[in-house]
Amino acid sequence: SKKFEEFDGMWSSSLTDSLSRGKPDNQSVDLSARFIGLNEILDATTKPLIFDADNGGRTEHIPYTVKSLERLGVSAIVIEDKVGLKRNSLLKDQRGTKQDSIKNFTEKIAAAKKAKKMDDFFIVARIESLILKKGKKDALKRAEAYSEAGADAILIHSKEKKPNEIFNFSKIFLKSKFYKPLISVPSTYSIVKEDALIKNGFKVVIYANQLLRASYPAMYNTARKILKYRRAKEAEKNITPIENIISLI
């Protein structure tokens, strides 16, 4: 798809939105609060932005969410096919996590498709089959169903250390008549290079949480130095000069 060529944008993560507010990643931060944050972000940039909507809530909620995101200037929404209280996909223990039925999730996609007003607003279906150890066959079945229902792209999620299972998936899906552009989130398989992802049919790579993870040790170490030396001088060499911060925006 031409729309995915040279894409350079941002990812609004529910995980980072939650942690930056001191909340657990279980949808404790509601959509209204996240929309306020989006509005502030889009005041400062014109970059395309992809919004992580978790499972999107009930099907009846989808049209409101899509219309609100379009009005704010967001470029795409990602909806994952899990139900119930959110449990982060990267946690080792996924007991109790339930995947939505194909029928119900395709209804969500169709509702999102119907609600959007702009052709350039993308509906992305995120598949959790590999996370829940349901295998490639289940993931492919869902990808084709979601694509047929109107998804503009497919995010195939994995928490393996290597990209083998997503490449095994993409190898087959690329040949499907229901193929749609693929999206990768290499949080655990960070060993993979973008060239390899492109070669295997992936059009978008989301670095979902690295910036937040980078900021944590920086703030932690700075705070420790201030507490240890009872002044800020020892921390100055590792932080941005005040002049840069003042002139940043």
Side-chain angles (χ1 to χ4, degrees), residues 1 3-21 23-25 27 29 34 37-38 40-42 44-55 69 72-82 86-92 120-128 130-131 139 143 151-170 173 180-221 240 248:
S1 171
K3 294 176 183 177
F4 277 93
E5 290 183 2
E6 299 301 323
F7 181 90
D8 179 16
M10 299 178 298
W11 166 245
S12 174
S13 159
S14 64
L15 167 64
T16 56
D17 267 0
S18 300
L19 295 185
S20 62
R21 291 175 170 85
K23 301 288 182 65
D25 184 28
Q27 292 173 283
V29 180
R34 294 191 64 200
L38 283 178
E40 292 170 347
I41 291 169
L42 292 167
T45 182
T46 57
K47 292 286 187 183
L49 188 145
I50 302 174
F51 183 75
D52 175 13
D54 292 325
N55 64 18
L69 292 174
L72 288 168
V74 171
S75 299
I77 182 174
V78 175
I79 309 171
E80 66 186 56
D81 60 356
K82 290 194 296 193
K86 179 182 177 180
R87 188 170 184 79
N88 190 284
S89 299
L90 300 182
L91 291 172
K92 290 183 179 180
D120 285 341
F121 184 85
F122 269 49
I123 311 297
V124 180
R126 171 174 148 178
I127 299 173
E128 295 288 293
L130 301 181
I131 295 290
D152 297 298
I154 299 293
L155 194 164
I156 181 68
H157 205 19
S158 170
K159 60 179 178 181
E160 294 296 310
K161 297 295 184 183
K162 295 182 179 180
N164 302 47
E165 68 173 2
I166 65 165
F167 288 170
N168 289 336
F169 168 89
S170 66
F173 189 55
K180 293 288 176 65
L182 288 168
I183 298 178
S184 165
V185 186
S187 293
T188 57
Y189 52 98
S190 56
I191 189 173
V192 70
K193 291 191 174 182
E194 291 176 3
D195 287 348
L197 290 166
I198 292 168
K199 183 179 178 181
N200 283 274
F202 288 85
K203 302 295 186 181
V204 176
V205 183
I206 296 175
Y207 297 101
N209 47 53
Q210 282 80 0
L211 295 183
L212 178 69
R213 287 158 56 195
S215 69
Y216 175 76
M219 290 188 287
Y220 179 80
N221 290 329
T240 300
L248 184 63

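Everything quoted here is computed from the prediction, not taken from an experiment.
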Judged by atom type as modelled, is there a donor-acceptor pair below 3.5 Å linking the side chain of [X] to the main-chain atoms of [Y]?
X	Y	result
Lys180	Ala151	yes
Asp120	Ser75	no
Asp152	Ile123	yes
Gln210	Ala208	yes
Arg34	Phe51	no
Ser12	Asp52	no

Intermediate values then yes/no, side chain to side chain contact (heavy atoms under 4.5 Å, CB included), Val185 and His157
CA-CA 7 Å; Val185 186; His157 205 19; 4.2 Å; yes
Within 6.0 angstrom of Leu212 CG, more than 12 heavy atoms from elsewhere:
yes
Any side-chain heavy atom of [X] sitting closer than 4.5 Å to one from [Y]?
X	Y	answer
Val74	Leu42	yes
Ile166	Tyr189	yes
Val192	Phe167	yes
Leu72	Leu49	no
Val204	Pro181	no

Point-to-point distance, once rounded to the nearest 0.5 Å, from CD1 of Ile198 to NZ of Lys193
12.5 Å
For Leu69 and Leu38, run side chain to side chain contact (heavy atoms under 4.5 Å, CB included): C-alpha distance rounded to whole Å, both residues' side-chain angles, the deciding distance at 0.1 Å, then the answer.
CA-CA 9 Å; Leu69 292 174; Leu38 283 178; 3.6 Å; yes
Take Ser14 and Val29 through the test side chain to side chain contact (heavy atoms under 4.5 Å, CB included) and record every step on the way to the result.
CA-CA 8 Å; Ser14 64; Val29 180; over 6 Å; no
Tell me every residue that passes side chain to side chain donor-acceptor pair (under 3.5 Å) with Ser13, counting only those two or more places apart in sequence or in another chain.
Thr16
Using the side chain to side chain contact (heavy atoms under 4.5 Å, CB included) rule, take Ser170 and Ile156 through it: C-alpha gap first, then chi angles, then the decisive distance, then the call.
CA-CA 9 Å; Ser170 66; Ile156 181 68; over 6 Å; no
